[in-house]
Amino acid sequence: MGLDAFVPCNCLKEGKATPPPVDKEWIILDEEGYIHLNSEYSVDSDLEAKIDEWSYECCPHQFMHMSEHICNWSGLRSFQQALIKLGIEHFPILGTQLPNVNGGSLGVESVEKALLELEFFEQNIKTQSSLYLINAEDSQAIYEYIEVYGGRFLFSKPHSMGFNVNGLYIIDSEDNILFQSKRVTQKVYLYSNWICKFASIFNIKLKPVRKVVWTDLDTGKQFYTRWGLSFNDAYPKEFAIENRSVISDDYQYIIQSLRKIFQISIDTGNSVYWC
């Protein structure tokens, strides 16, 4: 789940695609970047289906799209948050044209400006910092604080989890804080192997975690949940909240993917479509 993008190819225009099932003028590109039968010539659904099938394999690009995965939604929100910290006035394209939901497009006339904005971002992001949830055992950052989510990163029932400057928090379905701590441990109790095997034999759905005890190291307060917080396939024993400097490397996951799709747009002269 996340944001993807594509740029329509020029294979049909350049004669690099296999012959379509209808005359070229019968084929149009809609406002979302997809190939369709021009309704001015026909509304035959069978013919529409043939065009769809043809576009899937008529050239090296499925559906005549050159596609790129940009990032997940959390990664996009982190990038947008960094744009705001640097000053949204420096990013008239990236600050307004990156989508909040799937859909929309970026015209080729704006793409070169967006590339310049990416360069500015890389050169200046090192002046900023951000709040992180840290695995206290090895100091690795687990999550970055995302303002639009209120720091929430785990949604479950009946409890959800997040963090802010006041610490790691657990809330109920009405956003009431049930537990919060700046220095917290989790102790995970798993079901024994024989219970898991028994459940499997009788087709009983059973999660491996039986319960988790969260403890505030400063106050000794405890809270219990039916799930734990894992990272790299393990359950860290202790967490902390830290403010750390950020560098451009932290955002290469989106910088490189945006650069790639923007360059394709420039090379083809076609818009970028978000999906």
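All heavy atoms count here, side chains included; hydrogens, waters and symmetry mates do not.
- A side-chain donor-acceptor contact under 3.5 Å links Ser130 and Glu144.
- Aromatic ring orientation, Tyr143 versus Phe153: parallel (interplanar angle below 30°, classes split at 30° and 60°).
- A continuous path of Ile, Leu, Val, Met, Phe, Trp and Tyr side chains, each step under 4.5 Å between heavy atoms, connects Phe79 with Phe120, placing both in one hydrophobic cluster.
- With rounding to the nearest 0.5 angstrom, the CG atom of Leu258 is 9.0 Å from the CD atom of Glu68.
- Residues Tyr132 and Glu242 have side chains that never bring a donor and an acceptor to within less than 3.5 angstrom of each other.
- In this structure, Val7 is not a member of the same hydrophobic cluster as Ile35, with clusters built from ILVMFWY side-chain heavy atoms closer than 4.5 Å.
- Using bins of under 30°, 30° to 60° and over 60° for the plane-to-plane angle, the ring pair Trp26/Tyr41 lands in the parallel bin.
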Under the criterion side chain to side chain contact (heavy atoms under 4.5 Å, CB included), I'd like the reasoning laid out for Asn102 against Trp73: C-alpha separation, chi angles, the key distance, then a yes or no. CA-CA 10 Å; Asn102 296 113; Trp73 288 115; 3.6 Å; yes
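- Taking each heavy atom of Cys9 and Cys59 in turn, the nearest pair found is SG-SG, 3.8 Å.
- A 4.5 Å side-chain heavy-atom check between Leu217 and Glu238 finds at least one atom pair inside the cut-off.
- Considering every non-hydrogen atom in both Ser265 and Val111, the closest pair reads OG-CG2, 3.5 Å.
- Counting only distance, with no hydrogens or angles, the side chain of Gln81 and the backbone of Glu147 share a donor-acceptor pair below 3.5 Å.
- Remark: Asp175 engages Arg152 in a salt bridge, criterion side-chain N to carboxylate O under 4.0 Å.
- Asn38 has its side chain out of reach of Glu25: every pair of non-hydrogen atoms, C-beta onward, lies at least 4.5 Å apart.
- The aromatic rings of Trp274 and Phe262 sit perpendicular to each other, their planes meeting at more than 60°, with 30° as the lower class boundary.
- When ring centroids are compared, His90 and Phe121 stay outside the 6.0 Å threshold.
- Side-chain heavy atoms closer than 4.5 Å link hydrophobic residues (I, L, V, M, F, W, Y) into clusters, and following such links, possibly through other members, connects Ile84 to Leu94.
- In this structure, the side chain of Arg226 engages the main chain of Arg210 through a donor-acceptor pair within 3.5 Å.
- Taking CD from Glu31 and OG from Ser271, the interatomic distance works out to 12.0 Å, rounded to the nearest 0.5 Å.
- Looking at Asp30, its side chain does come within 3.5 Å of a backbone N or O of Tyr34 through a donor-acceptor pair.
- In this structure, the ring of Phe163 has its center no less than 6.0 angstrom from the ring center of Tyr169.
- Panel note: side chain Glu137, backbone Pro236; no donor-acceptor pair is recorded below 3.5 Å.
- Counting only heavy atoms from C-beta outward, the side chains of Met64 and Cys58 approach each other to under 4.5 Å.
- Between His159 and Phe179, every side-chain heavy-atom pair lies at or beyond the 4.5 Å cut-off.
- Between the side chains of Thr215 and Gln222, a donor-acceptor pair is found at a separation under 3.5 Å.
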Between Leu133 and Phe239, is a side chain to side chain contact (heavy atoms under 4.5 Å, CB included) present by the stated rule, with each step listed? CA-CA 7 Å; Leu133 177 67; Phe239 303 94; 4.0 Å; yes
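- Geometrically, Lys211 engages Tyr189 in a cation-pi contact, judged by NZ or CZ lying under 6.0 Å from the ring centre and within 45° of the ring axis.
- A donor-acceptor pair is defined here as one N or O able to donate and one able to accept, closer than 3.5 Å; such a pair exists between the side chain of Asp216 and the backbone of Asp218.
- For the residue pair Asn166 and Lys182, the shortest heavy atom distance occurs at O-CG, 3.4 Å.
- Remark: Lys85 NZ to Thr127 OG1 distance equals 10.5 Å, nearest 0.5 Å.
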For the pair Ile142 and Ile134, evaluate side chain to side chain contact (heavy atoms under 4.5 Å, CB included) and give the outcome as yes or no after the intermediate values. CA-CA 6 Å; Ile142 300 177; Ile134 306 298; over 6 Å; no
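- Atom CD of Gln256 has more than 12 neighbouring heavy atoms from other residues, nucleotides or ligands inside a 6.0 Å radius.
- You'll find the side chain of His36 reaches within 4.5 Å of the side chain of Glu48, heavy atoms only.
- The main-chain N or O of Lys187 is never found under 3.5 Å from a side-chain atom of Trp214 such that the two would form a donor-acceptor pair.
- Judged by distance alone, with hydrogens and angles left aside, the side-chain atoms of Gln128 form no donor-acceptor pair with the main-chain N or O of Leu86 at under 3.5 Å.
- Placement of Tyr273 and Met66 in two distinct hydrophobic clusters is found when ILVMFWY residues are connected by side-chain heavy-atom separations under 4.5 Å, directly or transitively.
- The cluster map of Ile, Leu, Val, Met, Phe, Trp and Tyr, joined by side-chain heavy atoms under 4.5 Å apart, puts Leu154 and Phe231 in the same cluster.
- Looking at Asp4 and Ile70, their side chains never come closer than 4.5 Å, going by heavy atoms from C-beta outward.
- The two residues Leu3 and Leu76 have their closest heavy-atom pair at CD2-CD2, 4.0 Å.
- With hydrogens and angles disregarded, a donor-acceptor distance shorter than 3.5 Å links the side chain of Thr268 to the backbone of Ile264.
- In this structure, Ser42 and Leu37 approach most closely via the heavy-atom pair O-CD2, 3.4 Å.
- Atom CG of Leu29 and atom CG of Leu12 lie 10.5 Å apart (nearest 0.5 Å).
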Verdict with reasoning, Lys221 to Ser181, per side chain to side chain contact (heavy atoms under 4.5 Å, CB included): CA-CA 9 Å; Lys221 181 181 178 180; Ser181 171; over 6 Å; no
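- In this structure, Asp250 contributes its side chain and Ile247 its backbone to a donor-acceptor pair below 3.5 Å.
- When the options Glu119, Glu117, Glu122 are evaluated for a salt bridge (Lys or Arg N to Asp or Glu O under 4.0 Å) with Arg259, the one that passes is Glu122.
- Judged purely by distance below 3.5 Å, without hydrogens or angles, the side chains of Gln180 and Asn164 pair a donor atom with an acceptor atom.
- The closest donor-acceptor contact from the side chain of Thr96 to the backbone of Pro92 lies under 3.5 Å.
- A heavy-atom distance below 4.5 Å is found between the side chains of Leu178 and Asp172.
- Remark: Ile170 CD1 to Asn176 CG distance equals 13.5 Å, nearest 0.5 Å.
- Residues Tyr251 and Val246 have side chains in contact (heavy-atom distance under 4.5 Å, counting atoms from C-beta outward).
- Across Val272 and Ala5, no two heavy atoms sit closer than the pair CG1-CB, 3.9 Å.
- Once rounded to the nearest 0.5 Å, the distance linking CZ of Arg77 with SG of Cys71 reads 9.0 Å.
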